[in-house]
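These notes are about the structure you will find just below.
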Amino acid sequence: MSGINAFIDNEVKSNDVVLFMKGTPQFPQCGFSGQVVQMLDYIGVDYKGINVLADGDLRQGIKDYSNWPTIPQLYVKGEFVGGCDIVREMFQAGELQSHFEEQGIAVKGAA
């Protein structure tokens, strides 16, 4: 496992909710990352945002790690949930909130 892969693996496994994104939760640098941030903030879940723009190796590494071509990427309890479209569909269906709850992650319950 390369250094970047080990870093990603550690972040994914040591944080309940991780969002690999362009920019930061406070200052998203792309619309898709911003949308996922808004959904997570609306649900009221604690998460760690990791800015892939800060490191080219990380930006490519996360795509290799998940075998998913786009960013943002959301991980919950070590599992890849999906990118913006999947997260948005789950959010609109109410499945994102219940997914967090099933994983034992506290949500504000802004349903």
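Just so we're clear, the structure is a prediction, and the values are computed from it rather than from any experiment. These values consider heavy atoms only, across backbone and side chains, with no hydrogens, waters or symmetry-generated copies. Residue numbers count from 1 along this sequence.
Between Lys108 and Ile43, the closest side-chain pair of non-hydrogen atoms is not below 4.5 Å. Side chains of Ile105 and Val17 form a contact here, defined as non-hydrogen atoms less than 4.5 Å apart. Met21 has its side chain out of reach of Val36: every pair of non-hydrogen atoms, C-beta onward, lies at least 4.5 Å apart.
Within the structure, side-chain hydrogen bond (donor to acceptor under 3.5 Å, both in side chains) pairs that include any residue of residues 67-77 comprise Ser66-Gln73, Trp68-Thr70, Gln73-Tyr75 (at least two apart or interchain). Applying the salt bridge (Lys or Arg N to Asp or Glu O under 4.0 Å) definition to pairs two or more places apart or across chains, none involves residues 59-75.
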List the atom pairs, donor and acceptor, that lie under 3.5 Å between side-chain atoms in residues 84-96 and the rest of the protein, sequence neighbours left out.
{"from": "Asp85", "atom 1": "OD1", "to": "Arg88", "atom 2": "NH2", "distance (Å)": "3.0"}
{"from": "Arg88", "atom 1": "NH1", "to": "Gln35", "atom 2": "OE1", "distance (Å)": "2.5"}

For Leu19 and Lys48: C-alpha separation, side-chain torsions, deciding distance, then whether side chain to side chain contact (heavy atoms under 4.5 Å, CB included) applies. CA-CA 6 Å; Leu19 179 64; Lys48 179 170 186 180; over 6 Å; no
Asn51 vs Phe27, side chain to side chain contact (heavy atoms under 4.5 Å, CB included): CA-CA, chis, key distance, verdict: CA-CA 10 Å; Asn51 182 4; Phe27 297 104; over 6 Å; no
Does the side chain to side chain contact (heavy atoms under 4.5 Å, CB included) test come out yes or no for Asp16 and Gln103, once each step is laid out? CA-CA 9 Å; Asp16 281 350; Gln103 298 294 323; over 6 Å; no
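Between the side chain of Ser33 and the backbone N or O of Lys22, at least one donor-acceptor pair lies under 3.5 Å.
Considering CG of Leu53 and SG of Cys30, their distance stands at 8.0 Å, rounded to 0.5 Å.
Atom CZ of Phe80 is surrounded by more than 12 heavy atoms from other residues, nucleotides or ligands within 6.0 Å.
Residues Pro25 and Val37 approach most closely at O-CG1, 3.6 Å, considering heavy atoms.
For Ser98, the side chain to side chain donor-acceptor pair (under 3.5 Å) criterion is met by no residue, not counting sequence neighbours. Evaluation of the side chain to side chain contact (heavy atoms under 4.5 Å, CB included) rule for Leu58 yields Ile4, Phe7, Ile8, Phe20, Ile50, Val52, Asp55 as partners, not counting sequence neighbours. Glu102 is linked by a salt bridge (Lys or Arg N to Asp or Glu O under 4.0 Å) to nothing, counting only residues two or more places apart in sequence or in another chain. The side chain to side chain donor-acceptor pair (under 3.5 Å) search around Asn15 returns Glu11, not counting sequence neighbours. Under the side chain to side chain contact (heavy atoms under 4.5 Å, CB included) criterion, Asp46 pairs with no residue at all, not counting sequence neighbours.
Tyr65 and Asp9 form a side-chain donor-acceptor contact under 3.5 Å, judged by distance and modelled atom types alone.
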